[in-house]
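Single-structure report; data block below.
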Amino acid sequence: KINLPMLAAGDALYLTANYADGMLGAIAGGNNLNSISTAATHRLLGGIQRQDANLVITSGSCTVALPCTVGSVKGWNVGGILVHYWAPQWRSNLAAGYLQINPPSVAATAGQPIQWGKGSVWSVSGSLIYSPVRDFDIGLELQYASIRNNIQNVNPASPFALAGQPGLRDNVWGAKFRVERQF
């Protein structure tokens, strides 16, 4: 957090960067600074970018006859939020973030590894919020996201399978009107 009192009282810039090796909830979950929160993923992106597997089978069938090896899915994100107070009761937020998910290579029958591709989302969002009394917000929020998903869904029956729609490239807009009271 970087306080920016030279702009206005309460103004601040929040920055975050994360790396995950097998624990993707840390970068694709609701950690408040991540612009691709779990709620936003379900609401705005319809779960398209969701990456359900922290581990994937990289060879074998995970049976007694054919044991398997497992590799972890890696990912990273960066994000930032600028909070600006126009007046004590009026503020706006501008957020931007990038998320990338990189599955491991998978051994193929011919000995050549299969690269499952990678998935990425970048997004930007903004809001204008009015607070007539303490802990009560009324606001309008807009969000744009650019999805690039090349992750292959190789074995959907496996508990370690990757989710997604390979080759998906989409631009998504979202808007919401929010009335929130905190206790």
Side-chain angles (χ1 to χ4, degrees), residues 1-4 7-8 10-56 72-86 90-104 115-131 137-153 156 161-182:
K1 176 182 177 183
I2 301 168
N3 291 320
L4 302 172
L7 298 177
D11 282 14
L13 175 65
Y14 298 85
L15 301 171
T16 185
N18 302 285
Y19 173 79
D21 185 349
M23 192 172 137
L24 297 177
I27 62 168
N31 61 5
N32 297 329
L33 287 178
N34 187 339
S35 65
I36 313 294
S37 72
T38 302
T41 299
H42 291 286
R43 181 179 60 253
L44 178 67
L45 305 177
I48 292 169
Q49 174 60 29
R50 276 189 45 226
Q51 170 52 268
D52 294 324
N54 291 318
L55 301 171
V56 294
S72 62
V73 179
K74 296 172 177 55
W76 60 275
N77 74 353
V78 292
I81 300 173
L82 174 64
V83 178
H84 176 64
Y85 284 83
W86 300 96
W90 289 92
R91 74 180 183 279
S92 59
N93 301 305
L94 178 63
Y98 179 81
L99 166 70
Q100 183 171 306
I101 296 173
N102 303 304
Q115 188 64 32
W116 280 8
K118 60 185 170 186
S120 65
V121 173
W122 70 267
S123 72
V124 63
S125 62
S127 63
L128 180 61
I129 300 169
Y130 172 62
S131 301
D137 294 337
I138 302 168
L140 176 63
E141 301 179 5
L142 300 172
Q143 185 175 20
Y144 168 80
S146 176
I147 306 165
R148 302 293 181 256
N149 188 1
N150 293 315
I151 297 174
Q152 303 296 314
N153 193 349
L162 295 167
Q165 296 179 6
L168 176 70
R169 296 183 182 281
D170 201 3
N171 300 307
V172 183
W173 288 91
K176 72 177 176 178
F177 177 72
R178 178 172 66 105
V179 178
E180 179 179 328
R181 175 73 171 156
Q182 296 184 22

Please identify each residue that fulfils salt bridge (charged side-chain N to carboxylate O under 4.0 Å, His left out) with Asp11, with sequence neighbours left out.
->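 Scan of Asp11 (salt bridge (charged side-chain N to carboxylate O under 4.0 Å, His left out), adjacent residues dropped) gives none.
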Quick check for you: to the nearest 0.5 Å, what is the distance between [X] atom [atom1] and [Y] atom [atom2]?
X: Leu94; Y: Leu13; atom1: CG; atom2: CG; answer: 10.0 Å
X: Leu140; Y: Leu128; atom1: CG; atom2: CG; answer: 7.5 Å
X: Asn77; Y: Thr16; atom1: CG; atom2: OG1; answer: 6.0 Å
X: Tyr14; Y: Leu82; atom1: OH; atom2: CG; answer: 10.0 Å
X: Tyr144; Y: Ser123; atom1: OH; atom2: OG; answer: 10.0 Å

Could you walk me through whether Tyr85 and Leu7 pass the side-chain contact (heavy atoms from CB on, under 4.5 Å) test, one step at a time?
-> CA-CA 9 Å; Tyr85 284 83; Leu7 298 177; over 6 Å; no
Asp137: partners by side chain to side chain contact (heavy atoms under 4.5 Å, CB included), with sequence neighbours left out =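 Asp137 satisfies side chain to side chain contact (heavy atoms under 4.5 Å, CB included) with Arg91, Ile129, Ser131, Arg178 once adjacent residues are dropped.
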What residues, two or more places apart in sequence or in another chain, satisfy side-chain hydrogen bond (donor to acceptor under 3.5 Å, both in side chains) together with Asn93?
-> Ser127
Could you pull out all residues at least two apart from Trp86 that satisfy side-chain hydrogen bond (donor to acceptor under 3.5 Å, both in side chains)?
-> Ser92
Just checking, is any N or O donor in the side chain of Gln143 or Glu141 under 3.5 Å from an acceptor N or O on the other one?
-> no
Which pair of heavy atoms, one from Gly80 and one from Leu15, lies closest together, and at what distance?
->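 Shortest heavy-atom contact: CA-CD2, 4.1 Å.
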Closest non-hydrogen atom pair, Tyr98 against Ser120 =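 Closest approach of Tyr98 to Ser120: OH-CB, 3.3 Å.
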Answer yes or no: is there a side-chain heavy-atom contact under 4.5 Å between Trp76 and Asn102?
-> yes
